[in-house]
Amino acid sequence: SDVYKRQEYMGINILQTMKAVPIVLILAIFFVYGNYAQVPAKYNVTIYMESLCNPSRFFVGKIFDKFLTAIEQSGNYDAVEKLNVNFVMYANTYEYQLRNKSTIFWCPYGENCIQANKIITCAQQRYSKKSQDAQTKLQQWRFIQCFTRIFTSKEFQKDDGSIDFTKVIFTCAKRANPVKEEHVGMTKQIYNCQAKEEANQLLRDNLAQRRGLSFDGQLQPPYITLNGVHNEKAELKQEISFLRWYCEAEQSIDGICSTKWVQEYGYMSSSEQKELAGQPAE
């Protein structure tokens with residue numbers, strides 16, 4: 001690939017200058033190159049959504065899930081390296097100032113929507129802060145997909161009917177990374193973030209992104225932009241099959257775009273088609 005060709009070219013140049021450069025400087029060059037040289041993502045996808053909006057949950061919970069599963073099952077991480085996916089949990093949320101000058105967030109889907117938005121936003125921030133490598137990025141996507149899909153399930157409801165968000169966070173952190181030390185630590189980080197003012201500020205940052213859209217009126221989430229531009233045709237393809245959209249954009253039939261993975265994860269089941277159309281599944 002171009003990435004490996006670029007690395008090989010740089011490596012050759014470094015080796016050619018070894019005789020003329022002190023060994024300490026050579027080691028410094030390798031350290032800087034190995035830790036900071038990153039190739040920018042080819043596709044920057046931003047998904048404006050609400051955690052309790054059914055179309056948002058269907059897209060992230062099921063369609064995006066198929067894309068992630070194809071990556072996990074194939075073991076091919078090329079798509080992860082070429083993609084940045086940013087989840088902006090502020091499609092139609094508002095912040096209001098009360099008479100005592102404190103502020104509250106309001107979501108048309110209720111208080112659980114605000115709480116879930118905070119958790120997803122904190123998770124995105126914590127995984128990104130941990131590392132930008134492909135494995136951690138995939139863990140971030142998997143956590144958000146898992147959380148979006150399951151947090152309203154009955155198994156996470158307390159006796160009083162409220163949601164046990166701590167249990168949901170733990171479940172999805174474990175789904176993203178089964179290593180105990182890793183998912184327990186990430187659960188604590190996400191929980192602590194969502195309970196603090198930091199989560200409110202992260203939502204305000206999302207609002208700044210929302211206001212930056214050249215869009216007048218209420219969004220119909222999920223609202224998807226690619227490299228900062230919204231295209232209805234591209235969004236429709238992404239919402240039907242994120243995997244096939246990616247393969248078409250790449251014009252590729254290799255890796256996760258091979259026939260095996262596209263046939264298995266590139267199409268909706270009949271029940272999913274009915275759900276998308278708003279019809280009851282059989």
Side-chain angles (χ1 to χ4, degrees), residues 45-66 68 85-96 103-127 140-173 175-176 187 190-191 193-195 199-207 209-211 213 215 217-225 235 238-239 242 268 271-272 274-281:
V45 176
T46 302
I47 304 169
Y48 296 84
M49 57 177 281
E50 296 288 1
S51 56
L52 272 173
C53 163
N54 285 335
S56 295
R57 299 187 68 198
F58 180 85
F59 171 67
V60 177
K62 296 190 175 181
I63 302 302
F64 193 62
D65 172 48
K66 293 175 184 291
L68 300 184
V85 181
N86 180 32
F87 297 86
V88 179
M89 310 304 298
Y90 212 116
N92 290 314
T93 297
Y94 297 94
E95 184 178 18
Y96 293 100
T103 61
I104 60 169
F105 289 96
W106 177 87
C107 173
Y109 304 98
E111 181 59 31
N112 283 334
C113 174
I114 297 296
Q115 190 70 18
N117 283 357
K118 289 181 179 181
I119 291 170
I120 292 172
T121 303
C122 283
Q124 182 165 251
Q125 193 272 349
R126 287 301 190 264
Y127 279 104
Q140 176 202 109
W141 296 348
R142 177 53 80 187
F143 177 94
I144 293 172
Q145 177 278 324
C146 170
F147 186 93
T148 302
R149 183 165 181 169
I150 72 170
F151 80 93
T152 59
S153 300
K154 291 183 178 180
E155 64 180 295
F156 300 111
Q157 286 187 0
K158 298 179 181 180
D159 293 338
D160 61 3
S162 62
I163 297 174
D164 188 343
F165 281 111
T166 305
K167 186 177 179 181
V168 185
I169 294 171
F170 177 82
T171 300
C172 291
R175 171 67 179 86
T187 297
I190 295 171
Y191 181 83
C193 170
Q194 61 85 34
N200 293 335
Q201 187 55 53
L202 289 173
L203 285 187
R204 294 184 188 109
D205 293 343
N206 284 352
L207 173 60
Q209 292 188 64
R210 165 71 173 83
R211 286 174 172 168
L213 294 175
F215 184 91
Q218 191 177 49
L219 291 180
Q220 297 298 319
Y223 183 87
I224 305 172
T225 64
E235 181 183 273
Q238 291 165 332
E239 291 182 2
F242 198 84
M268 285 186 279
S271 62
E272 288 170 338
K274 289 181 178 181
E275 185 177 350
L276 182 63
Q279 300 174 4

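Everything numeric here is computed off the predicted structure, so don't read it as measured data.
- Side-chain contact check for M49 versus Y223: every heavy-atom pair is 4.5 Å or farther apart.
- A side-chain N or O of T93 and one of E50 form a donor-acceptor pair less than 3.5 Å apart.
- Proximity of F143 to I169: side-chain heavy atoms (C-beta onward) are separated by under 4.5 Å at one or more points.
- The aromatic rings of F242 and F64 stand perpendicular to each other, their planes meeting at an angle above 60°, with 30° marking the opposite boundary.
- A donor and an acceptor atom, one from each side chain of D205 and Q201, are located under 3.5 Å apart.
- The cationic atom of R175 (NZ for Lys, CZ for Arg) does not lie both less than 6.0 Å from the six-membered ring centre of F170 and within 45° of the ring axis.
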Using side chain to side chain contact (heavy atoms under 4.5 Å, CB included), reason through I150 and V168 one step at a time and then give a plain yes or no. CA-CA 8 Å; I150 72 170; V168 185; 4.1 Å; yes

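- Put simply, the side chain of R57 gets close to the backbone of T148: a donor and an acceptor are under 3.5 Å apart.
- Looking only at atom types and distance, the side chain of E95 has no donor-acceptor partner in the side chain of N200 under 3.5 Å away.
- Within the 4.5 Å cutoff, the side chain of T121 has no heavy atoms near those of the Y90 side chain.
- Looking only at atom types and distance, the side chain of N54 has no donor-acceptor partner in the side chain of E275 under 3.5 Å away.
- The 12-atom threshold is exceeded at OH of Y109, counting heavy atoms of other residues, nucleotides or ligands nearer than 6.0 Å.
- More than 12 heavy-atom neighbours from other residues, nucleotides or ligands sit within 6.0 angstrom of CG on D160.
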